[in-house]
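If you read the sequence from its start, that first residue is 1, and numbering goes on from there.
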Amino acid sequence: MAYKISDDCIACGACAEACPMDAIVEGDGKYDIDADKCVSCGACAEACPVAAAQEA
């Protein structure tokens, strides 16, 4: 199951840097995960300082 980024996102970019699939892009005030590219590795969740990246 792909990960998603909640509204708790502070747009720091740590998740995007950690993503090995380049599935995370900057959105409007927060980052978004492309579910088609996400391989559910959890790297984004580990990198997120506010736990905004979560399993969908």
Task: Separation between OH of Tyr3 and SG of Cys15, rounded to the nearest 0.5 Å - done: 12.5 Å
TODO: Could you grab the distance from atom CE of Met1 to atom SG of Cys38, nearest 0.5 Å is fine?
DONE: 10.5 Å
Which pairs would a plain distance check flag for residues 26-37, meaning a side-chain donor or acceptor within less than 3.5 Å of a matching protein atom at least two apart in sequence or in another chain?
from  : atom 1 : to    : atom 2 : distance (Å)
Lys30 : NZ     : Ile5  : O      : 2.7
Asp34 : OD1    : Asp36 : N      : 2.9

Task: Residues clustered with Val25, ILVMFWY side-chain links under 4.5 angstrom - done: none
Task: Other ILVMFWY residues reachable from Met21 by side-chain steps of under 4.5 Å - done: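 Listed partners: Val39.
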Tell me which donor-acceptor pairs under 3.5 Å the side chains of residues 46-56 have, and how far apart each pair is, sequence neighbours excluded?
from  : atom 1 : to    : atom 2 : distance (Å)
Gln54 : NE2    : Ala51 : O      : 3.2

- [ ] Heavy atoms only: give me the nearest Ala23-Cys19 pair and the separation to one decimal.
- [x] N-SG, 3.3 Å
